[in-house]
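Working notes, beginning with the structure itself.
Hydrogens, waters and symmetry mates play no part in the numbers below; they use all other heavy atoms, side chains included.
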Amino acid sequence: MNIKNANKFILVLMLSVFFANTNAQQKTIDQKVAALLKQMTIEEKIGQLNQYNDDADATGPTTVDNDKANQIRKGQVGSLLNAKGTVRTRSWQKIAMESRLKIPLLFGLDVIHGYKTTFPIPLAEAASWDLDAMQLGARIAATEASASGIHWTFAPMVDIARDPRWGRIMEGAGEDTYLGCKIAEARVKGFQGKLGDINSVMACAKHFAAYGAAVGGRDYNSVDMSDRQLWEVYLPPFKAAVDAGAATFMNSFNDLNGVPATGNKMLQRDILKGKWGFKGFVVSDWGSIGEMQNHGSVKNEYEAALSAITAGSDMDMESRCYKNNLTKLVADKKISIALIDDAVSRILKKKFELGLFDDPYKYCNADRETAALNNTTHVAAARDMAKKSIILLKNENNILPLSKALKTIALIGPMVKQLKQNKGFWDVDVPGVDSNFIVSQWKGLQNKLGANTNLLYAKGCNIEGNDKSGFAEAIEVAKQAEVVVFSMGEKRDMSGEAKSRSDISIPGVQEELLKELLATGKPVVVLIHAGRPLVFNYTADNAPAILYTWWLGSEAGNAIADVLFGDYNPAAKTTTTFPRSVGQVPIYYNHFNTGRPVTNDKEHLYRSAYNDLSIYPKYAFGYGLSYTKFEYSNFALNKKTVKANETIEASVTIANTGKYDGEEIVQLYLKDKVASSVRPIIELKDFKKIFIKSGESKTIKFVIDKEKLSFYNTQLQWVAEPGDFELMIGAASNDIKWKEVFELVK
Ligand code: GLC
């Protein structure tokens with residue numbers, strides 16, 4: 001046998017040993033689950049499907065229940081959510097170890113953007129378009145959470161959202177499906193790594209499905225859409241989460257096309273567990289099983305439990321419908337025990353994979369908790385992610401970056417000295433930890449400038465309310481400074497769950513204060529803090545420089561200072577469309593052309609447009625500026641016709657012609673010009689974030705395959721139809737540098 005064949009043989013041998021080993025291990029887990037199942041009473045089985053909230057914090061309407069410890073002792077509880085820290089989780093786990101079969105509890109928590117070290121809210125992180133950084137952020141969140149007794153995070157939220165009135169837009173990746181899929185994958189991999197690894201937690205793709213399309217952006221509201229849109233826009237990020245190995249899913253509160261998601265067999269059994277082959281388990285959202293009575297799809301809790309377990313909801317978060325009704329449903333022969341066994345097996349498998357049967361206290365090491373939380377590596381990563389999330393919206397006359405040689409800077413506004421506000425919604429209140437580890441903007445600029453610069457401060461006004469009594473002081477302070485930094489926006493909890501807003505403008509009198517500050521004639525840099533795209537036309541039209549600073553987490557102040565003074569050149573770009581008015585909503589970039597397309601602000605007659613408003617959003621999807629300048633050139637396609645089984649390549653050269661090194665997010669868009677069902681005027685199909693030193697250039701290549709040319713036709717077939725495609729390369733969806741048509745041929 002020659003060397004080459006010998007190497008091949010050894011490789012095959014190694015692979016077969018590896019897979020046999022993995023299979024053996026999996027078979028062991030499957031065997032252990034089967035063996036355990038045989039020992040369990042029906043009451044103990046149903047216990048595994050029962051999840052309670054710990055009494056410390058609540059993230060939903062609570063039920064007073066002082067008997068949880070006894071129920072855990074009797075094996076009637078499989079999981080707790082919102083229990084935090086090694087001390088508390090250990091105390092609950094000890095009680096579980098007093099049960100007959102000693103089945104360990106699962107501890108779940110909304111670790112959405114960090115545990116103690118707090119990262120920017122997910123919509124801000126998404127604006128970085130930096131998949132590696134988002135994966136690292138999730139990994140760090142998992143490391144800290146798993147060091148604090150947590151086995152399972154209820155993240156990533158992968159709901160596509162096109163309506164900024166919906167407060168939970170802050171929790172996802174924005175309006176684009178392609179980007180949403182990539183971010184879903186990055187976050188699942190970040191949280192989970194290799195399940196069972198000490199720094200990993202189970203991920204939970206939520207909210208299944210189409211929760212972001214609630215009527216009017218009103219949380220929990222109905223969703224009604226074509227199957228085609230469901231498959232094309234809203235389901236793909238969930239499929240990406242399955243492909244990335246997500247251990248769990250959470251279903252959504254909304255009804256979908258008349259059927260509540262929690263009781264939606266098509267979603268959970270046919271698509272998720274059937275077509276997609278999902279082997280993990282599904283947890284209901286808080287009380288959503290019982291809420292089907294409100295929806296009116298069931299008459300009582302008995303029917304609610306029947307509907308949910310039949311549809312594939314494995315674990316019942318806080319409704320108690322399973323605990324109170326499943327035994328009777330089996331006795332009444334409404335469901336078979338096999339249905340319950342399937343749900344229980346899915347949950348037990350994850351407990352085995354996490355290593356909890358080997359060591360129920362595996363994630364309860366107090367020393368590890370102390371070492372992990374907010375350590376210097378994590379803090380550095382949070383600061384890096386935060387600065388990458390800041391969008392430069394405007395920079396007239398290059399007022400930014402500010403010089404560190406400035407003698408006097410006025411920091412004005414209700415956000416300047418805030419601490420907890422910077423953490424945004426869905427932050428974690430870690431037991432025993434106050435807010436002093438959070439870097440305020442005031443502290444961030446002090447850290448950056450030291451004693452060299454005289455920093456003046458005035459709050460000026462509150463975030464809400466119409467009290468202008470602070471205006472005079474703010475104006476006086478502004479007059480003493482060379483530059484004013486005005487920090488305004490919405491409160492951290494004005495976006496988030498149950499935070500829908502009908503008016504998404506800047507609250508209170510903040511923009512009125514800005515007007516007074518601008519009237520002093522001083523250059524004013526505006527920082528806008530928000531969990532969603534807000535409407536701020538006065539600011540956008542009158543302030544010379546604007547940074548969208550979201551809620552950037554515990555390193556907010558340092559990150560903002562890095563960008564303000566040019567130690568980091570902002571590169572973030574919007575992942576949602578920013579409307580001019582709430583009346584424009586829903587407005588998103590990848591819309592259909594319609595039969596009466598409107599392409600400018602002049603001709604509205606007999607065109608699809610508002611006659612009292614520009615047709616354009618305030619800021620388009622994919623928009624963001626830099627301190628430097630990028631020139632695009634040398635566009636090329638390697639062919640003009642392509643067959644379905646071939647690929648086509650587009651290349652472009654990007655030159656950094658400005659004076660700062662920087663990153664550019666180059667976007668590739670396609671338009672299927674004619675198809676059996678109408679196609680969007682433009683769709684993101686790829687992107688590359690590249691770093692280019694000042695004066696240098698890079699040539700990049702995009703490869704377009706059949707997948708990128710495909711769509712769901714009206715029969716829900718995933719097809720690429722022959723015909724012309726327009727390929728676009730740009731710096732934003734409304735800043736296309738090059739268009740070229742190619743043909744897909746049979
Ligand atoms: C909430 C949210 C869900 C969260 C759960 C537990 O109602 O809808 O996203 O994971 O309850 O806190």
Check: [Y] main-chain N/O paired with [X] side-chain donor or acceptor under 3.5 Å:
| X | Y | result |
| --- | --- | --- |
| Thr117 | Asn374 | yes |
| Ser626 | Ala571 | no |
| Lys491 | Gln421 | no |
| Glu664 | Phe691 | no |
| Asp735 | Ala731 | no |
| Glu175 | Thr577 | yes |
| Asn656 | Ile692 | yes |
| Asn537 | Arg580 | yes |
| Ser389 | Met385 | yes |

Which pairs, with at least one residue in [range] and sequence neighbours excluded, count as a salt bridge (Lys or Arg N to Asp or Glu O under 4.0 Å)?
| range | result |
| --- | --- |
| residues 115-140 | Glu125-Arg187, Asp130-Lys388, Arg139-Asp197 |
| residues 536-553 | Asp541-Lys618 |
| residues 505-524 | Lys468-Glu512 |

Distance from Lys423 atom NZ to Leu552 atom CG, nearest 0.5 Å?
->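 Separation between the atoms: 14.0 Å.
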
Please work out whether the ring planes of Tyr623 and Tyr619 are parallel, tilted or perpendicular, with thresholds of 30° and 60°.
->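 Because their plane-to-plane angle is under 30°, the rings of Tyr623 and Tyr619 count as parallel.
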
Under the rule for side chain to side chain donor-acceptor pair (under 3.5 Å), what residues qualify as partners of [X], not counting sequence neighbours?
| X | result |
| --- | --- |
| Lys459 | Asn462 |
| Tyr627 | none |
| Asn436 | Asp434 |
| Thr118 | none |

Any heavy-atom pair between the side chains of [Y] and [X] that's under 4.5 Å?
| X | Y | value |
| --- | --- | --- |
| Asn422 | Val439 | no |
| Tyr589 | Leu684 | yes |
| Met488 | Leu527 | no |
| Ile412 | Leu517 | yes |

Run the side-chain donor-acceptor check on residues 396-405: report pairs under 3.5 Å with partners two or more places apart or on a different chain.
| unit_1 | atom_1 | unit_2 | atom_2 | d |
| --- | --- | --- | --- | --- |
| Ser403 | OG | Ala405 | N | 2.8 |
| Lys404 | NZ | Asp567 | OD1 | 2.9 |
| Lys404 | NZ | Asp567 | OD2 | 2.9 |

Could you name each residue pair satisfying ring pair (Phe, Tyr, Trp, His ring centres under 6.0 Å) that touches residues 110-143, not counting sequence neighbours?
->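 Found Trp129-Phe621, Trp129-Phe687.
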
Scan residues 424-452 for pairs that pass ring pair (Phe, Tyr, Trp, His ring centres under 6.0 Å), counting only residues two or more places apart or in two chains.
->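 For residues 424-452, and leaving out neighbouring residues, the ring pair (Phe, Tyr, Trp, His ring centres under 6.0 Å) pairs sorted by first residue read Trp442-Tyr457.
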
All ring pair (Phe, Tyr, Trp, His ring centres under 6.0 Å) counterparts of Trp286, not counting sequence neighbours =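 So Trp286 forms no ring pair (Phe, Tyr, Trp, His ring centres under 6.0 Å) with any residue.
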
Ring pair (Phe, Tyr, Trp, His ring centres under 6.0 Å) against Phe630, all qualifying residues, sequence neighbours excluded =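 Per chain and number, Phe630 pairs via ring pair (Phe, Tyr, Trp, His ring centres under 6.0 Å) with no residue.
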
